[in-house]
Amino acid sequence: QVQLVESGGGLVQPGGSLRLSCAASGTIFGLPVMDWYRQAPGKQREWVATITSGGNTNYADSVKGRFTISRDNTKNTVYLQMNSLKPEDTAAYYCDLNGYRAGRGYWGQGTQVTVSS
């Protein structure tokens, strides 16, 4: 069993910044690929960013240049630094680990990010 707990969301003005964290615990083999997703009201869940065990990263076009994904392997934690936030970034944000949540079809509550002018 794997547990994933997101934190760091909140209300921020356009142009502001937030840093999200996702702490993983439970049965984890090796160093997993970790991802961030988001889902806005009335929209499909959207992939945001990926970081591999070796530290390679990839981003959705909508967040390139503004978001940075990183990880701390000693803490089994992945981060998402979000800068220059836009109202379009408003969503519930979720992390995943080797597709664990995607495979189960259960994502939990995530952490809410609201960008409001």
Side-chain angles (χ1 to χ4, degrees):
Q1 184 176 345
V2 175
Q3 295 174 335
L4 298 166
V5 180
E6 302 96 339
S7 62
L11 176 65
V12 65
Q13 294 181 340
S17 298
L18 286 173
R19 190 189 193 215
L20 307 184
S21 299
C22 172
S25 61
T27 304
I28 302 170
F29 299 97
L31 296 174
V33 172
M34 300 192 76
D35 300 89
W36 284 98
Y37 291 80
R38 66 186 182 186
Q39 187 170 26
K43 300 190 70 176
Q44 293 280 96
R45 182 169 287 102
E46 175 189 22
W47 168 79
V48 174
T50 294
I51 186 165
T52 70
S53 61
N56 293 328
T57 60
N58 203 4
Y59 301 91
D61 288 341
S62 58
V63 306
K64 282 181 179 177
R66 300 188 298 119
F67 290 11
T68 302
I69 188 171
S70 61
R71 66 194 297 161
D72 183 343
N73 292 328
T74 65
K75 298 180 179 180
N76 285 325
T77 299
V78 64
Y79 305 95
L80 187 68
Q81 178 67 46
M82 306 186 297
N83 299 325
S84 301
L85 283 162
K86 305 175 181 179
E88 307 92 270
D89 297 317
T90 296
Y93 283 71
Y94 307 85
C95 63
D96 203 0
L97 179 153
N98 278 348
Y100 178 75
R101 279 173 163 174
R104 295 178 69 219
Y106 177 75
W107 294 81
Q109 292 183 320
T111 186
Q112 179 67 40
V113 172
T114 302
V115 185
S116 177
S117 60

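Model, not experiment: these values are computed from the prediction.
R38 places none of its side-chain heavy atoms less than 4.5 Å from the side chain of T90. Side-chain atoms of M34 and Y100, non-hydrogen and from C-beta on, never get closer than 4.5 Å to each other. Within the 4.5 Å cutoff, side-chain heavy atoms of C22 are placed close to those of W36. Two residues are said to be in side-chain contact when any heavy atoms from C-beta on lie closer than 4.5 Å; R66 and D89 meet this criterion. You'll find the side chain of S21 stays beyond 4.5 Å of the side chain of K75, heavy atoms only. The shortest distance between side-chain heavy atoms of M82 and L20 falls below 4.5 Å.
Of all the heavy atoms in A92 and Q109, the pair that sits closest is CB-O, 4.3 Å. Of all heavy-atom pairs spanning Q39 and R45, the tightest one is OE1-NH2, 3.0 Å. Closest approach of T111 to G8, counting heavy atoms only: OG1-N, 3.9 Å. Residues L11 and S116 approach most closely at CD1-CB, 3.9 Å, considering heavy atoms. Of all heavy-atom pairs between T27 and V2, the closest is O-CG2, 3.3 Å. Nearest heavy atom pair, residue A24 against residue L97, reads CB-CD1, 3.7 Å.
In this structure, Y37 and W107 have perpendicular ring planes: the angle between them is above 60°, well past the 30° mark.
Atom CG of residue L80 and atom OG1 of residue T68 lie 8.0 Å apart, to the nearest 0.5 angstrom. For the atom pair T50 OG1 and D35 CG, the distance stands at 3.5 Å (nearest 0.5 Å). Here OG of S25 is found 8.5 Å from CD of Q1. Values are rounded to the nearest 0.5 Å.
Proximity of a side-chain donor or acceptor of R71 to a complementary backbone N or O of T52 within less than 3.5 Å is detected.
Hydrophobic cluster membership is shared by V12 and Y93, with clusters built from Ile, Leu, Val, Met, Phe, Trp and Tyr side chains linked at under 4.5 angstrom. Taking hydrophobic clusters as Ile, Leu, Val, Met, Phe, Trp and Tyr residues chained together by side-chain heavy-atom distances below 4.5 Å, Y79 does not share a cluster with I69. By the criterion of side-chain heavy atoms lying less than 4.5 angstrom apart, applied directly or through intervening Ile, Leu, Val, Met, Phe, Trp or Tyr residues, I28 is not grouped with V5; the two fall into different hydrophobic clusters. Note on V33: it does not cluster hydrophobically with V48, by side-chain heavy-atom contacts below 4.5 Å among ILVMFWY residues.
R101 forms no cation-pi arrangement with Y94, by the criterion of a distance under 6.0 Å to the ring centre and an angle within 45° of the ring axis.
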